[in-house]
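Below is one structure, written out as structure tokens; comments come after it.
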Amino acid sequence: MNWLKRRYWNRVLAFAVGVGVLLGSGVSLGADRDPAMDPHKGIREDTLRLIALGTPDDLLRLRDAFHKTEQEIARLKLGAMQPEKQAQLNAMRDRHVESETLLRLLDSSASEIPDRDLDRSSAQERASLRARLVGRIEALQESIGVIEQAIHVEQAEYLRILEDERRALGRFLAVRREELLQEFARPPGCLSSERPCLARRFKTLCRLQPLLPVAERAPILILQQEVANQLDLGHRSVSSLCEYLRFDFAL
């Protein structure tokens with residue numbers, strides 16, 4: 001009956017993950033396998049270096065890079081900007097507020113002490129100061145507008161780059177999920193005594209689990225528990241077994 005149970009859960013897994021891959025990626029997996037398509041297209045060089053595809057734990061770094069890119073996109077859409085740009089704009093706005101405050105104080109003083117009550121030199125000095133403040137305010141307003149426009153253009157371009165990267169990382173995740181799913185779904189031919197074979201199947205599930213949304217992991221956990229029982233490694237938790245097999249068995 002165990003083989004019937006495994007066949008059933010393999011079908012459940014294929015359906016759940018397959019649908020999740022197709023819906024989650026929003027792209028055609030057939031297109032992802034097109035040999036003419038650059039698999040790295042859209043991913044920034046810094047991200048590729050961070051992921052270091054083909055090295056241990058690259059799938060976890062791939063997942064983390066995808067989530068980090070999503071978070072950056074969300075921040076940008078909420079109006080966040082790079083710290084140095086924000087500091088430059090804040091400094092310009094502070095100078096603008098300061099100049100407007102000085103102009104208001106000067107005009108308030110002029111309303112209390114009209115020019116006719118001042119000597120000619122003082123009246124000229126007041127007029128000169130006011131002209132300088134007005135000119136400074138207008139220049140700052142123009143500079144702020146230019147900086148804001150430049151930031152808007154830069155952020156729009158950066159958002160486009162991030163969205164391209166998110167799509168590319170999503171394709172990678174979708175392809176790797178399906179590859180691991182197919183790897184596990186192949187007829188294993190493992191006997192209960194063939195521990196390296198069972199360990200490879202369990203490790204495949206360990207690598208697949210973190211690539212799935214939490215809501216879609218139930219079938220994986222059931223399969224992991226079934227293979228773990230066949231391995232008969234005591235009462236270890238599934239997570240500790242994944243860590244143990246990561247170092248004790250090679251794929």
Please check if atom [atom1] in [X] has more than 12 non-hydrogen atoms from other residues, nucleotides or ligands closer than 6.0 Å.
{"X": "Arg95", "atom1": "CZ", "value": "no"}
{"X": "Glu154", "atom1": "CD", "value": "yes"}
{"X": "Glu142", "atom1": "CD", "value": "no"}

Show the nearest heavy-atom pair for residues [X] and [Y], with the distance to one decimal.
{"X": "Arg171", "Y": "Lys41", "answer": "NH2-O, 3.4 Å"}
{"X": "Phe172", "Y": "His40", "answer": "CZ-CD2, 3.6 Å"}
{"X": "Thr204", "Y": "Leu180", "answer": "CG2-O, 3.4 Å"}

Glu84 and Gln88: side chain donor to acceptor below 3.5 Å: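 Checked: Glu84/Gln88 side chains show no N/O donor-acceptor pair below 3.5 Å.
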Pair Thr55, Asp58: side-chain N/O donor-acceptor within cut-off below 3.5 Å: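 No donor-acceptor contact under 3.5 Å links the two side chains.
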Point-to-point distance, once rounded to the nearest 0.5 Å, from CZ of Arg61 to CD1 of Ile51: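 Interatomic distance, Arg61 CZ to Ile51 CD1, rounded to 0.5 Å: 8.5 Å.
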Separation between CG of Leu181 and CG of Leu212, rounded to the nearest 0.5 Å: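 Going from CG on Leu181 over to CG on Leu212, the span is 8.5 Å.
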Residues Arg130, Asp107; criterion salt bridge (Lys or Arg N to Asp or Glu O under 4.0 Å); working and verdict: CA-CA 8 Å; Arg130 191 179 194 286; Asp107 287 344; 2.8 Å; yes
Taking the side chain as every heavy atom from C-beta outward, state whether [X] and [Y] have any atom pair closer than 4.5 Å.
{"X": "His96", "Y": "Met92", "result": "no"}
{"X": "Arg63", "Y": "Leu60", "result": "yes"}
{"X": "Glu165", "Y": "Leu169", "result": "yes"}
{"X": "Glu148", "Y": "Arg93", "result": "yes"}

Residues forming a side chain to side chain contact (heavy atoms under 4.5 Å, CB included) with Glu163, sequence neighbours excluded: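 In terms of side chain to side chain contact (heavy atoms under 4.5 Å, CB included), with neighbours along the sequence ignored, Glu163 is linked to Ile73, Lys77, Leu159, Arg166, Arg167.
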Pairs satisfying side chain to side chain donor-acceptor pair (under 3.5 Å), at least one member in residues 131-140, at least two apart: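 Pairs touching residues 131-140 that pass the test: Ser128-Arg132.
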Side-chain (Asn90) to main-chain (Gln86) donor-acceptor, under 3.5 angstrom: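 Between the backbone of Gln86 and the side chain of Asn90 there is a qualifying donor-acceptor contact (under 3.5 Å).
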